[in-house]
Each structure stands twice: as structure tokens, then as C-alpha cells.
Amino acid sequence: MIRFLLLFSKQGKLRLQKWFMPLTDREKRKVIRDMMMIVLARPSRSCNFLQWRDLKIVYASLYFCTGLEGQDNELLSLEVLHRYVELLDKYFGNVCELDIIFNFEKAYFILDEFLMEGEVLETSKAAVGVSLQEADALQETMEEYMNKPSY
């Protein structure tokens with residue numbers, strides 16, 4: 001089970017965070033600070049897996065970082081990160097950091113359609129894409145409805 005998923009930039013700016021375990025705000029800040037210090041300090045050619053406390057840490061480009069329980073498969077977690085990036089790419093069209101900054105609610109929505117409580121909910125990119133299209137259509141319908149004058 002994935003315990004947390006963080007996305008931060010090379011400059012150490014947190015862009016996205018999703019917690020699948022209960023932690024206080026102070027503990028979350030400590031984990032975020034530790035992950036940034038450890039991952040950003042690693043050489044670019046080093047392995048994307050490391051041990052931290054009782055968790056396995058898996059990270060990928062632009063520093064998507066996950067914390068796994070001890071018995072979980074690191075390669076599967078790396079595949080989960082890759083699939084999430086593919087979903088972001090499909091939705092935004094060659095996703096970049098600015099897309100996530102200015103459309104963070106969509107990035108969280110895509111993550112929620114893909115992962116639930118630290119487990120993969122939907123493996124099909126097409127099924128997640130259909131959910132995103134339906135959500136966008138509903139949002140457009142609601143905006144049209146709210147913009148109509150009431151008589």
C-alpha cells in the first residue's frame with residue numbers, strides 16, 4: 001500500500017501531496033522536509049529506490065515520490081507513478097509543472113480516479129479518461145446553468 005505521494009520541484013517547492021495514512025500536520029511537514037532533503041541530494045544516476053525509517057521510498061522524474069510499506073513491490077510503485085504521469089500527459093497534452101500548479105484540482109481529481117486509499121483503483125487509462133471527460137462535461141453544464149439569468 002502506498003502511504004503517501006508527493007510531487008515537488010527541483011527547487012524544493014511542494015506541488016502536490018496525497019496522504020493515505022493519518023498524520024498530524026507537524027508529522028507531514030517533517031516527512032515532506034525529509035523527502036526533499038534526501039531525494040534532492042541524491043546524484044542523478046543513483047537508484048530510484050531507498051529505505052527511510054520503516055518505509056521504502058520510490059521516486060521518479062520531476063520528483064514524484066511515494067512511501068511504501070516494507071512488503072510492497074518497488075517496481076510496481078514506479079509503474080504507478082509512470083501511469084499517473086501518462087494520465088496527466090493525456091489530459092494536459094505533454095504535462096509540465098505549470099499545468100499542475102495552475103490546474104492542481106484536475107491533478108488531484110486524476111489521482112483520485114486512479115488511486116484510492118493507497119491502492120490502484122483503475123488500471124485502464126481509457127476508463128480514467130472517460131471519467132475525466134464526464135467530469136468536464138458536468139462542470140461545463142453547471143457553469144452554463146449558473147450563468148443563465150433567473151427570471
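Values in this document were obtained by computation on a predicted structure and should not be read as measured data. Counting begins at 1 with the first residue of the sequence. All values below come from the heavy atoms of this structure, side chains included, with hydrogens, waters and symmetry mates left out.
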Roughly how far apart are [X] [atom1] and [Y] [atom2], rounded to 0.5 Å?
{"X": "Leu16", "Y": "Cys65", "atom1": "CG", "atom2": "SG", "result": "12.0 Å"}
{"X": "Glu113", "Y": "Glu122", "atom1": "CD", "atom2": "CD", "result": "8.5 Å"}
{"X": "Lys13", "Y": "Met36", "atom1": "NZ", "atom2": "CE", "result": "9.0 Å"}
{"X": "Lys125", "Y": "Thr123", "atom1": "NZ", "atom2": "OG1", "result": "11.0 Å"}
{"X": "Ile100", "Y": "Leu7", "atom1": "CD1", "atom2": "CG", "result": "5.0 Å"}
{"X": "Asp99", "Y": "Asn94", "atom1": "CG", "atom2": "CG", "result": "8.5 Å"}

Atom [atom1] of residue position [X] - does it have more than 12 heavy atoms of other residues, nucleotides or ligands inside 6.0 Å?
{"X": "Glu143", "atom1": "CD", "result": "yes"}
{"X": "Met116", "atom1": "CE", "result": "no"}
{"X": "Tyr108", "atom1": "OH", "result": "yes"}

Considering only heavy atoms from C-beta outward, does the side chain of [X] approach that of [Y] to under 4.5 Å?
{"X": "Ile57", "Y": "Ile38", "result": "no"}
{"X": "Thr66", "Y": "Tyr84", "result": "no"}
{"X": "Lys148", "Y": "Glu144", "result": "no"}
{"X": "Leu68", "Y": "Leu55", "result": "no"}
{"X": "Arg53", "Y": "Asp34", "result": "yes"}
{"X": "Leu138", "Y": "Glu134", "result": "no"}

Is there a path of hydrophobic side-chain contacts, each under 4.5 Å between heavy atoms of I, L, V, M, F, W or Y residues, that connects [X] with [Y]?
{"X": "Tyr91", "Y": "Val120", "result": "yes"}
{"X": "Val85", "Y": "Leu76", "result": "no"}
{"X": "Leu6", "Y": "Ile101", "result": "no"}
{"X": "Leu111", "Y": "Leu14", "result": "no"}
{"X": "Phe104", "Y": "Phe114", "result": "yes"}

Quiz item: Where does the angle between the aromatic ring planes of Phe8 and Tyr63 fall among parallel (under 30°), tilted (30 to 60°) and perpendicular (over 60°)?
Solution: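 Parallel: the ring planes of Phe8 and Tyr63 meet at under 30°.
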Self-check item: Parallel, tilted or perpendicular: rings of Trp52 and Phe4 (30°, 60°)
Solution: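 If you compare the ring of Phe4 with that of Trp52, the planes turn out perpendicular.
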Quiz item: Hey, is the main chain of Val95 close enough, under 3.5 Å, to the side chain of Asp89 for a donor-acceptor pair?
Solution: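 Yes, because the side chain of Asp89 sits within donor-acceptor range (under 3.5 Å) of the backbone of Val95.
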Practice problem: Take Asp25 and Arg29 through the salt bridge (Lys or Arg N to Asp or Glu O under 4.0 Å) test and state the conclusion after the steps. | Solution: CA-CA 6 Å; Asp25 287 340; Arg29 284 191 303 272; 5.1 Å; no
Quiz item: Do Glu27 and Lys30 sit within salt-bridge range, that is, some charged N less than 4.0 Å from a carboxylate O?
Solution: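 Result for this pair is no, no salt bridge flagged.
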Practice problem: Before accepting this row, confirm whether a basic side-chain N of the pair Lys18/Asp112 lies closer than 4.0 Å to the acidic partner's carboxylate O. | Solution: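 A salt bridge links Lys18 with Asp112.
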Exercise. For side-chain contact (heavy atoms from CB on, under 4.5 Å), just list the numbers for Arg83 and Glu79, CA-CA rounded to whole Å, side-chain angles, deciding distance to a tenth of an Å, and then say yes or no.
Key: CA-CA 6 Å; Arg83 179 58 54 100; Glu79 180 62 31; 4.2 Å; yes
Practice problem: Step by step, work out the side-chain contact (heavy atoms from CB on, under 4.5 Å) result for Met35 and Val31. | Solution: CA-CA 6 Å; Met35 288 302 99; Val31 169; 4.2 Å; yes
